[in-house]
Amino acid sequence: MQPKSVQRFQDFHDTPRPTVAMEADYPSGTVNDWHSHPRAQLLYAIDGVMLVHAGTGFWVVPPNRALWLVAGERHSVRMAGLVRMRTAFLDAPRLGGLPDRTCVLNVSALLRELLVEAVRVPVEYAEQGRDATLMTLLVEEVRRAPTLPLHLPMPADERLRGLCEALAEKPSDAATAAIWAERIGVAAKTLHRLFQKETGMRFAQWREQARLLFALRRIAEGARIVDIAFDCGYSSQSAFTAMFRRHFGAPPSSFHGGREPVGSAAAAGAAGAAPRDQTMPSPDSIDTPPIATITAA
């Protein structure tokens, strides 16, 4: 007999309807262990921050953002803060016009309300009428949602992966790219070339992205902004706030409590140069609250 948690997900995958939704609330520190779904998943939380690991990298998903997971993408989800999840499962090939890769999407006010309402729709809803129309509109809003740079790609190259792990273990390390190149036994030009090839980002961009994602997680946990700034390697709170505002169009203090201010805008891409360089610890090395692990389908 299947575990109850597995059966719960399976009910949503076995339905003939192309789009279904479900809700679940999780305390901070809960982990949905490694799993995948036969349908694409729109992973969204109206409160709290989700830290998502997948084979290709790491995503941080704050409120007003959702993670689009392609069908079959193995992933795990860690909750930072009380997470009130509202998620949809979509038959992407049948529906068409949906993202073909895992990515973070901006969630409009309309899409948020559609997701909140969609969880009240029965799995076997009528193919005509209000419920079907609501689900059709939800899919259309997903198609229109812009993607956002909230992904930290991890390199496959063992030398670079070792570098990233070393940075994770000692986030206060201010070594330049040239010093890191010497440490792993390559020329500085080779390091930059490999980073671009393996991650699609420059070395400085990757480190700033890492700091940004780490900051979102710490904000969700209620840490003081000044402490987050120093933990990220910035010499002052103002320098950190400038970086954060450049990405999100709002200061980090406005994200406290797990909600963004209405109308805040995300930057179109990752920034280039980094201030006094430090990186975040990798997700696997970060100390977290006591974890409850849930085995999902």
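Quantities reported herein were computed from a predicted structural model and do not represent experimental measurements.
With salt bridges taken as basic N to acidic carboxylate O contacts below 4.0 Å, one links Glu208 and Arg246.
Under the 6.0 Å cut-off for aromatic ring centres, His75 and His53 do not qualify, their centroids lying 6.0 Å or more apart.
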List the steps, then state whether salt bridge (Lys or Arg N to Asp or Glu O under 4.0 Å) holds for Glu140 with Arg143. CA-CA 5 Å; Glu140 187 58 34; Arg143 292 187 180 120; 3.1 Å; yes
Go through the steps to decide whether Asp25 and Arg86 satisfy the test salt bridge (Lys or Arg N to Asp or Glu O under 4.0 Å), and finish with yes or no. CA-CA 9 Å; Asp25 295 345; Arg86 306 296 181 263; 3.2 Å; yes
Using the rule given for side chain to side chain contact (heavy atoms under 4.5 Å, CB included), can you reason through Tyr234 versus Val226, listing the C-alpha separation, both sets of side-chain angles and the distance that settles it, and then say yes or no? CA-CA 10 Å; Tyr234 286 84; Val226 64; over 6 Å; no
Criterion side chain to side chain contact (heavy atoms under 4.5 Å, CB included) on Leu105 and Leu111, from CA distance to verdict: CA-CA 11 Å; Leu105 302 177; Leu111 180 54; over 6 Å; no
Show your reasoning for whether side chain to side chain contact (heavy atoms under 4.5 Å, CB included) applies to Val61 and Leu51. CA-CA 6 Å; Val61 190; Leu51 314 174; over 6 Å; no
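Inspection of the Thr102 and Glu73 side chains reveals an N or O donor paired with an N or O acceptor under 3.5 Å. In this structure, a donor-acceptor pair under 3.5 Å is present between the side chains of Asn106 and Arg65. When only modelled atom types and interatomic distance are considered, Arg84 and Tyr26 share no side-chain donor-acceptor pair under 3.5 Å.
In the hydrophobic clustering of ILVMFWY residues, with side-chain heavy atoms under 4.5 Å counting as a link, Ile46 and Leu115 come out together. Criterion: ILVMFWY side-chain heavy atoms under 4.5 Å apart, direct or through other members. Under it, Leu110 and Tyr44 are part of a common hydrophobic cluster. Taken together through direct or relayed side-chain contacts under 4.5 Å among Ile, Leu, Val, Met, Phe, Trp and Tyr, Leu82 and Val77 form parts of separate hydrophobic clusters. Hydrophobic clustering (ILVMFWY, side-chain heavy atoms < 4.5 Å, transitive): Val119 and Leu67 are in distinct clusters. Cluster membership check: Val123 shares its hydrophobic cluster with Leu95, using side-chain heavy-atom separations under 4.5 Å among Ile, Leu, Val, Met, Phe, Trp and Tyr.
Judged by distance alone, the side chain of Trp68 and the main-chain N or O of Val104 form no donor-acceptor pair under 3.5 Å. Formation of a donor-acceptor pair under 3.5 Å by the Thr199 side chain with backbone atoms of Gln196 is not found in this model. The backbone N or O of Pro153 sits less than 3.5 Å from a side-chain atom of Trp206, completing a donor-acceptor pair. Not a single donor-acceptor pair under 3.5 Å links the side chain of Ser76 to the backbone N or O of Asp33. Counting only distance, with no hydrogens or angles, the side chain of Arg202 and the backbone of His192 share no donor-acceptor pair below 3.5 Å. Between the side chain of Thr87 and the main chain of Leu42, a donor-acceptor pair closer than 3.5 Å is present.
Between Trp34 and Arg74, the shortest heavy-atom contact is CB-NH2, 3.1 Å. Closest of all the heavy-atom pairs between Ser28 and Gly81 is OG-N, 3.0 Å. The two residues Arg211 and Cys232 come nearest to each other via the heavy atoms CD-O, 2.7 Å. Between Ala175 and Arg207, the closest heavy-atom pair is O-NH1, 3.0 Å. For Leu43 against Met85, the heavy-atom pair with the smallest separation is CD1-SD, 3.5 Å. Summarising the geometry of Ala40 relative to Ala92, their closest heavy-atom pair is CB-CB, 4.3 Å, with the distance given to 0.1 Å.
Between Thr15 and Arg39, the closest side-chain pair of non-hydrogen atoms falls below 4.5 Å. Residues Val49 and Val83 form no side-chain contact, since every pair of their non-hydrogen atoms from C-beta on lies 4.5 Å or further apart. In this structure, His35 and His37 have side chains that are in contact, with non-hydrogen atoms separated by less than 4.5 Å. Side-chain contact between Phe214 and Asp231 is present, with at least one heavy-atom pair separated by less than 4.5 Å. Looking only at side-chain heavy atoms (C-beta outward), Pro252 and Arg245 stay at 4.5 Å or farther from each other. Under the 4.5 Å side-chain criterion, counting only non-hydrogen atoms from C-beta, Leu90 is in contact with Val139. Contact check for Met50 versus Trp59: no side-chain heavy atoms found under the 4.5 Å cut-off. Using a 4.5 Å heavy-atom threshold, the side chains of Asn32 and Arg78 count as separate.
Between the CZ atom of Arg112 and the CD atom of Glu141 there is a distance of 14.5 Å, given to the nearest 0.5 Å. With values rounded to the nearest 0.5 angstrom, Gln41 atom CD is found 8.5 Å from Met22 atom CE. Remark: Leu160 CG to Phe203 CZ distance equals 9.0 Å, nearest 0.5 Å.
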With a cut-off of 3.5 Å and sequence neighbours excluded, list every side-chain donor-acceptor pair involving residues 127-137.
| unit_1 | atom_1 | unit_2 | atom_2 | d |
| --- | --- | --- | --- | --- |
| Arg130 | NH2 | Glu117 | OE2 | 2.9 |
| Thr133 | OG1 | Gly129 | O | 2.9 |
| Thr136 | OG1 | Ala132 | O | 2.9 |

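Aromatic ring orientation, Phe244 versus Phe240: tilted (interplanar angle from 30° to 60°).
Counting heavy atoms of neighbouring residues, nucleotides and ligands inside a 6.0 Å radius, atom CD of Glu113 exceeds 12 of them. No more than 12 heavy atoms of other residues, nucleotides or ligands lie within 6.0 Å of CZ in Arg144, so this atom counts as exposed by the packing criterion.
Tested against Leu163 for a side chain to side chain contact (heavy atoms under 4.5 Å, CB included), the candidates Asp157, Val186, Ile184, Leu194 yield a single pass: Ile184.
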